[in-house]
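In what follows, every heavy atom counts, from backbone to side chain, and hydrogens, waters and symmetry copies are set aside.
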Amino acid sequence: MASSSAQWFALQDEDLTGDVIYEILDTIQDDLWVISACTDRVLNDVAAQQALLTIGIARSDPVVRRCKDVIALASPSQHGSSSQTYHTLVSHFENVPADARVCYLRSLLLKRLDRLNTYVEIERTFPKDKQEDTEDEMDEWDDDPWAEKDGGSSSKPTPLITSGGTPTISLVEFLDNDLILSACELATSQALEPLRIVLQRHLQELWPFRFQILDLVPEYTHPSACRDLFPSIDPSTEAESVVRGERWRPEDDFTEMPDTVSAVNDSGVVDVLKSEESSISYSQTPNPLTAEELSQWYKARVIKSLNSTGMVDVALALVQHGASLGVPSLDELGEELSLLSKLIYDTHQAVESSDDWTLDRWYSMDPLTVVRAYLAHSTLESLPGDIIRLVKPYLFVLEARAERSGHPDYTLATRIFDEYILTSPLETVATIFEVSKPTLPVPQRIVKNDEDLARLALACLYGSSSLDEWSTMSRIFECLPVWEVPDSDESEETADTTIASLGAFVTPKTGEQPCTAMDLHVFFKPLPFASLSRALDILDVHLESGEILSRWSVPAPLRWLLQSAGDSNEQRAWATRMARRAGGQHDQLNSLEDWEWLLEDMLKLTGNGDPGARGAFSLLSTKEVSKIFLNGLLSNGKFSIAKSMLYSSKRLLDLSPSEIEVICLDASRELYDNASSANYKFGDMKQAYDCLDVPATSESIVKEREFIEATSRIASFNVVSAPGTPISPIEIRLTKDRLMLISRVLSSNNDAYKHSEVILELGYKLGYRGDVVAQIKILAMLADTALQAEDFLCSYANCQSMVKEVISLQKAAQSTPFNSKVDEAVEVCWIACFQLGRQTEFEDLNKKMTVLGQALQLCPQDKIHDVLAAWRKLQAEDIKDRQERLVRDKSNDNVASKHQRKLVPQDVASTLRAKLHDLHMPSPPLLSTPDAAALASRTFKSVAANFPFKVGHRPRSDMDERTSYRSDNSRRTDGEDVISNPASRVLSKGIGWLIGADED
């Protein structure tokens, strides 16, 4: 025995064969040793393992017979109690421990034999080709460079159970591991046929753990592969069916009897062997589930499968599988999965779509969202078919479900689909309507009711804000029914009321969102047949109007046509926009024919005089639209086309000359106001100027043309409104007192005053032609500007022109004693003359005395003393000058006598005498009084405080300070100081104010 046991231990498991096992173990007489040796070794070779198990079981037979004899001796009766058997065996095992060990090892060998038979049966289920593939694969492993060499052997076990060619469990593992663990591994690896065999052959052992094992079957496994695995319902018990297994041995062995097992365990002999029991804890379900519990198990697996894999088809197949096995309460879940399955597999979803569909997501979707999801990937060509194939069945299910719940709603499907249409793009709506035409058979139509079709179309079109889908809108309109409704005053009144109400309905209120197609559908829902027919007639007109507006790129949504139906101002504004913009096509509309087309369309929108027309401009007359059209034509500079349309033989624009004039003036002024440059040789200003050539010449046209010329002239003088910013045309027009513009011209240009004719002409063109008072003011500005530039001769010439005009004005106004304009002109004139006459730098005494005499002639009576004082002073200077010349030239008495006679010009002297006589005031005593200077000063202060207007003065930086007219010394004479310095400054300041000088 020693040599045999040594030989046994020396052999490796790979070296053991059936013959070797029989040869060695048959020589050993110790049964316990042999049984232990057979139990100790677990081989991958089926034949060798079977030899071990056969020998071990056979060598344990004597022990079984002995134990049975002990029981029989202890209980002679064949019907001994279980308790007596147990106690007998415990006593026997305590006396003969070896028998207890043999019984335990025999039960273990018997289980291994059952598993070996199961393993062999499993092996037969694999196709030959897969077995060959596995063998080829193992042959490849034989060449593994990492395998042990030099007499060593590979430790890698031979895979004997495979799933799809993939090694799963070897024979050693299957025999040695816990059977529940092996079943779980088979379920996890999706070895379903081996699992089915294991469950069938070892059902008694695995039954309590069946659900834990089944839960490990991958969720993506199709239920059709799980035949006879998933539980079913027994109709007789209405609970889980209890499956009957097919054991290898019909009865348990003596060593497997409960009394024997308990006796072995309680004898204390085999405690060490208990380490082989599995320590893994498994959940048990020993009793069959109820129908409701089994239904919950199926639902839980469906949800888990769908959430983990997203494979709706597998989840649906599982529900169908459970239902076929009699599991209740799966119909509704199957219904949902069927609908979800269509959404995923039957729609036109992109292959690369990453949508993760779960039941939770499906349940969270409202019906309209589901409908949109069904049709989200449909093309316009496939849309009708998808609605019939996918949406209609879904809506039918919803109605059926509502009916099953006891709350039937027969409009549910219609409501949901109507909402889908009302919230869809117009292109989608047109596609649906094209398969809903009244000319099609009712079963083929998607929207089957004509009135519903009309309401949906009206709501969709008037609820749309689209500006460029007129062809699509026309397609929708062409699908609508045509009803014959007799015309009557009542129906017309109903239509008017409907349109008025609809216009008020679509007009958004403050703080509210514009109404949607859904809102409009609610409005159209109660309308009767006749009102719907009238509404469709008006829709036809509105669609034509919309197309016309869109053609000229001034599109408006259809709802605008409703809103403006009773608002003439809104229609007028849109007509103006259309005429001006012509849709931004004015660059292309260069021919008369194009503009004729535009006019024709605009007149068509008015209804061409038809009072019942409901076009976009139905509240406007053809005359008014013609005016608007002409204004738009002119505002775009198409003057030659305007003339052709106004004055050709066709007379496309039938407007009176006065109407043409008003329109042209308005257009010209608008172009003027929008001009960025005042030069009328180019740009908007040129168009404003050329626009005035369209109407016949009139006083208003000439006046506006001259104003444009004046504007351009002002700009040529580089007048600025701010430093570095040229004055704009709009600023010129908005200047209330345009004489101020002349003042700014004179202030901005050093030599402008020298061109008096140009400045006067500028004043005429600014609107003062024929205005003598304005002419006198302009001359005053010229005179004062020349005076400040110390161009005294120019200033004198302008003063003389003023005096001449004033005298003429006085003569013309003799019949009106109190004429404010004449008085204003006179005052401006005498002050300008007075200013020039008292300038000490002006050396021409004759001219100075002349202008002072003229000032004395024109000044009011309360200013005579002041002017006369200055004149007396000049007279004294003249006398003194003449005396000095007489002394130098005594020989020429005649010349001296002549000069003496010219001392006081006759006209001035006579004027002085006349004034003094009228005042009854002798001048010499007054002027010779000591207070004459003070009186004159007070008088000039009074005059300066009442100057009638103000203009700017010119800077004189190039003048020498010593000779400046602002020098106080220059205002004094060497003799008598007739006017004090303050009075002189006040007077200078007054004239400066006249032309806009600084007041400091």
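Here the closest non-hydrogen pair linking Ala752 and Val745 is CB-O, 4.2 Å. Of all heavy-atom pairs between Arg651 and Asp654, the closest is NH2-OD1, 3.6 Å. Closest approach of Ala642 to Val694, counting heavy atoms only: CB-CG1, 4.4 Å. Contact record, Ala579 with Ile628: CB-O, 3.5 Å, taken as the closest heavy-atom pair. When all heavy atoms are compared, the tightest approach of Arg581 to Ser553 is NH2-O, 3.4 Å. For the pair Arg705 and Asp693, the tightest heavy-atom approach, listed with the atom from each and the gap, is NH2-OD1, 3.4 Å.
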Can you check side chain to side chain contact (heavy atoms under 4.5 Å, CB included) on Lys681 and Lys686, steps first, answer last? CA-CA 5 Å; Lys681 296 298 183 181; Lys686 182 179 186 303; 5.7 Å; no
Apply ring pair (Phe, Tyr, Trp, His ring centres under 6.0 Å) to the pair Tyr672 and Tyr689, showing each step before the final yes or no. CA-CA 8 Å; Tyr672 176 101; Tyr689 191 76; over 10 Å; no
Run Val803 and Cys833 through side chain to side chain contact (heavy atoms under 4.5 Å, CB included) and show every step you take. CA-CA 9 Å; Val803 171; Cys833 292; 3.7 Å; yes
Would you please test Asp673 and Arg669 for salt bridge (Lys or Arg N to Asp or Glu O under 4.0 Å) and show each step? CA-CA 6 Å; Asp673 293 342; Arg669 286 165 184 164; over 6 Å; no
Walk me through it: do Ser808 and Glu805 pass the test side chain to side chain donor-acceptor pair (under 3.5 Å)? CA-CA 5 Å; Ser808 298; Glu805 294 295 334; 5.3 Å; no
Could you go through the side chain to side chain contact (heavy atoms under 4.5 Å, CB included) check for Gln775 and Leu760 one step at a time? CA-CA 7 Å; Gln775 180 182 351; Leu760 285 171; 3.9 Å; yes
Please step through side chain to side chain contact (heavy atoms under 4.5 Å, CB included) for the pair Arg769 and Glu761, ending with a clear verdict. CA-CA 8 Å; Arg769 187 179 299 278; Glu761 184 66 19; 3.2 Å; yes
Gln839 and Glu790: side chain to side chain donor-acceptor pair (under 3.5 Å), yes or no, with the steps? CA-CA 9 Å; Gln839 296 300 315; Glu790 296 189 355; over 6 Å; no
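A distance of 6.0 Å separates CD in Glu877 from CG in Leu845, rounded to the nearest 0.5 Å. How far CG of Asn631 is from OG of Ser626: 12.5 Å, rounded to the nearest 0.5 Å. To the nearest 0.5 angstrom, Gln800 atom CD is 6.5 Å from Thr850 atom OG1. The SG atom of Cys859 sits 10.5 Å away from atom CG of Leu852, with the distance rounded to the nearest 0.5 Å. Going from atom CZ of Arg738 over to atom CD1 of Ile714 covers 9.0 Å, rounded to the nearest 0.5 Å. Within the model, atoms CG of Leu868 and NZ of Lys863 stand 14.5 Å from one another, a figure rounded to the nearest 0.5 Å.
The side-chain heavy atoms of Arg580 and Glu670, taken from C-beta on, include a pair separated by under 4.5 Å. Using a 4.5 Å heavy-atom cutoff, the side chains of Ile727 and Arg744 are in contact. By the 4.5 Å heavy-atom criterion applied to side chains, Phe792 and Glu841 are counted as neighbours. Between Phe717 and Ser748 there is no side-chain heavy-atom pair separated by less than 4.5 Å. Between Leu665 and Leu692, the closest side-chain pair of non-hydrogen atoms falls below 4.5 Å. Contact annotation: the side chain of Arg713 approaches that of Val758 to within less than 4.5 Å [non-hydrogen atoms, C-beta and beyond]. The shortest side-chain heavy-atom distance between Ile759 and Ile778 falls under the 4.5 Å cut-off. Contact of the Leu599 side chain with the Trp595 side chain is not registered, since no non-hydrogen atoms from C-beta on lie closer than 4.5 Å.
Side-chain N or O atoms of Glu884 include none that pairs as donor or acceptor with a backbone N or O of Asp881 at under 3.5 Å. Within the 3.5 Å criterion, the main-chain N or O of Cys664 finds no donor-acceptor partner in the side chain of Ser668. Between the Trp574 side chain and the Val554 main chain, a donor and an acceptor come within less than 3.5 Å of each other. Side-chain atoms of Ser801 come within 3.5 Å of backbone atoms of Ala797 as a donor-acceptor pair (strictly under, hydrogens ignored). Looking at Ser621, its side chain does come within 3.5 Å of a backbone N or O of Glu624 through a donor-acceptor pair. Judged purely by atom type and a 3.5 angstrom limit, Asp771 uses its side chain to pair as donor or acceptor with the backbone of Val773. With Ser743 contributing its side chain and Leu739 its backbone, the two residues share no donor-acceptor pair below 3.5 Å. Between the side chain of Thr725 and the backbone N or O of Ser721 there is no donor-acceptor pair closer than 3.5 Å. The main-chain N or O of Asp751 is never found under 3.5 Å from a side-chain atom of Asn749 such that the two would form a donor-acceptor pair. Checked by atom type and distance alone, the side chain of Asp791 never pairs as donor or acceptor with a backbone atom of Leu787 at under 3.5 Å.
The number of heavy atoms from other shown groups lying within 6.0 Å of NZ (Lys623) is above 12. Other residues, nucleotides and ligands contribute only 12 or fewer heavy atoms inside 6.0 Å of the CD atom of Glu699.
The pair Glu704-Arg733 counts as a salt bridge, with a side-chain nitrogen and a carboxylate oxygen less than 4.0 angstrom apart. A salt bridge links Arg882 with Asp878: the distance from a Lys NZ or Arg NE/NH1/NH2 to an Asp or Glu carboxylate oxygen falls below 4.0 Å. Residues Lys777 and Glu824 are paired through a salt bridge, judged by an N-O separation under 4.0 Å between the basic side chain and the carboxylate. Between Asp844 and Lys848, none of the side-chain N atoms (NZ, or NE/NH1/NH2) sits under 4.0 Å from a carboxylate O, so this pair counts as no salt bridge.
Checking Ser700 against Ser698 by side-chain atom types alone, no donor-acceptor pair falls below 3.5 Å. Defined by atom type and a distance below 3.5 Å, a donor-acceptor pair is missing between the side-chain atoms of Gln571 and Ser568. For the residue pair Asp594 / Ser591, a side-chain donor-acceptor distance below 3.5 Å is found, with atom types taken as modelled.
Under the side-chain contact (heavy atoms from CB on, under 4.5 Å) criterion, Ser728 pairs with Ile730, Glu731, sequence neighbours left out.
A cation-pi arrangement is present between Lys847 and Tyr796 under the rule of less than 6.0 angstrom and at most 45 degrees off the ring axis.
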